[in-house]
Amino acid sequence: DAMVIQNPRYQVTQFGKPVTLSCSQTLNHNVMYWYQQKSSQAPKLLFHYYDKDFNNEADTPDNFQSRRPNTSFCFLDIRSPGLGDAAMYLCATSRTGTAYGYTFGSGTRLTVV
Amino acid sequence: KNQVEQSPQSLIILEGKNCTLQCNYTVSPFSNLRWYKQDTGRGPVSLTIMTFSENTKSNGRYTATLDADTKQSSLHITASQLSDSASYICVVSDGNDMRFGAGTRLTVKP
């Protein structure tokens, strides 16, 4: 089945130790998004790729970076995780334009110790 | 102020009962509105999508309504089941961006 896959489901990292979360899709969607969701809050958009074009939200910390080496894969890099970065990280994809809505991955729960 | 407000914040009901969740929005222009179900520790899954001209849309025991004039939507769950326990998120699109509500946390008890 076509889907959005995030790995790992759970990630524990040490304070200040770089960590990478991955997302892959078989939907051939041209837009990929990374969201941060903290407990009982709405997902917060960090950045998105429209094809190869990277779009960063104004309030996304510099600590967060992203890479999209091809249509299918997108990575979220956290260079120096802090305790406040502990959250669920959601990857989503869509075809051009939001009229089609999003398909979300199952998320990666990040714990910072 | 969030452009998508959901109520109640949380809700507890008994299995088999019906419930209605509310979503009010100020997003403009309006393109479409989606309801997502998010199980604990999982990503959101789409339940319904409605455009401006649609008043109601059903998906099994889930029925969403939309009043584009008053900018209100509701999600009605019929004959609730334990597996309905989840967060329900209302997402409104202006055609470019998606605006998320904070969600309603529903707990269905036996």
Side-chain angles (χ1 to χ4, degrees), chain A residues 1-11 21-25 27 29 31-48 50 53 55-59 76 86-111, chain B residues 1-11 21 23-25 27-54 57 59 64 66 73 86-107:
Chain A
D1 287 340
M3 56 194 344
V4 180
I5 301 169
Q6 290 189 242
N7 284 305
R9 285 289 314 282
Y10 302 93
Q11 175 74 57
L21 310 182
S22 73
C23 176
S24 64
Q25 54 131 340
L27 297 160
H29 285 173
V31 192
M32 294 187 77
Y33 309 80
W34 279 105
Y35 281 87
Q36 179 193 65
Q37 186 179 28
K38 296 190 175 181
S39 181
S40 301
Q41 295 183 21
K44 176 181 180 298
L45 182 64
L46 295 174
F47 25 60
H48 73 276
Y50 191 110
D53 293 333
N55 298 272
N56 197 34
E57 292 300 298
D59 56 354
L76 170 62
M88 171 75 85
Y89 289 88
L90 296 168
C91 174
T93 71
S94 73
R95 284 185 283 169
T96 303
T98 58
Y100 301 100
Y102 288 0
T103 300
F104 283 90
S106 293
T108 293
R109 169 70 66 184
L110 178 68
T111 301
Chain B
K1 188 180 190 313
N2 195 7
Q3 295 184 51
V4 181
E5 298 283 348
Q6 291 188 242
S7 62
Q9 190 174 32
S10 62
L11 182 63
L21 314 180
C23 175
N24 297 339
Y25 63 91
V27 176
S28 182
F30 174 84
S31 176
N32 60 72
L33 183 148
R34 278 183 178 257
W35 283 94
Y36 285 88
K37 178 186 178 188
Q38 185 175 21
D39 292 315
T40 300
R42 310 286 300 198
V45 174
S46 180
L47 294 175
T48 64
I49 178 171
M50 287 185 293
T51 57
F52 185 87
S53 59
E54 295 176 295
K57 184 75 70 77
N59 178 2
L66 174 65
S73 176
S87 288
Y88 291 84
I89 303 173
C90 175
V91 183
V92 183
S93 170
D94 62 8
N96 289 307
D97 297 320
M98 308 278 279
R99 305 293 183 188
F100 286 74
T104 292
R105 178 70 204 174
L106 174 66
T107 302

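Order of the sequence lines fixes the chain letters, A, B, ..., with proteins taken first and strands second; residue numbering starts at 1 for each chain.
With a 4.5 Å cut-off on non-hydrogen atoms, A:Q37 touches chain B through its side chain but not through its backbone. With a threshold of 4.5 angstrom between heavy atoms, B:Q38 approaches chain A through side-chain atoms but not through N, CA, C or O. Residue contact with chain B, scored on non-hydrogen atoms closer than 4.5 Å, involves the backbone of A:S40 exclusively.
One distance of note links NE2 of A:H48 with CE of B:M98; it measures 12.0 Å at 0.5 Å rounding. To the nearest 0.5 Å, atom CZ of residue A:R109 and atom CZ of residue B:R42 are 12.5 Å apart.
Residue with the most contacts toward chain B among A:Q6, A:Q41, A:R9, A:M88: A:R9 (heavy-atom pairs, distance under 4.5 Å). Comparing A:A92, A:G107, A:A42, A:G105 by heavy-atom pairs within less than 4.5 Å of chain B, the highest count is held by A:A42.
The side chain to side chain donor-acceptor pair (under 3.5 Å) search around A:D59 returns A:K44, not counting sequence neighbours.
Annotation for B:P44 and A:F104: closest pair O-CB, 3.3 Å, computed over non-hydrogen atoms. Heavy atoms only, all atoms of each residue included: A:L90 and B:G43 are closest at CD2-CA, 3.7 Å.
You'll find the ring centres of B:Y36 and A:Y102 outside the 6.0 Å limit.
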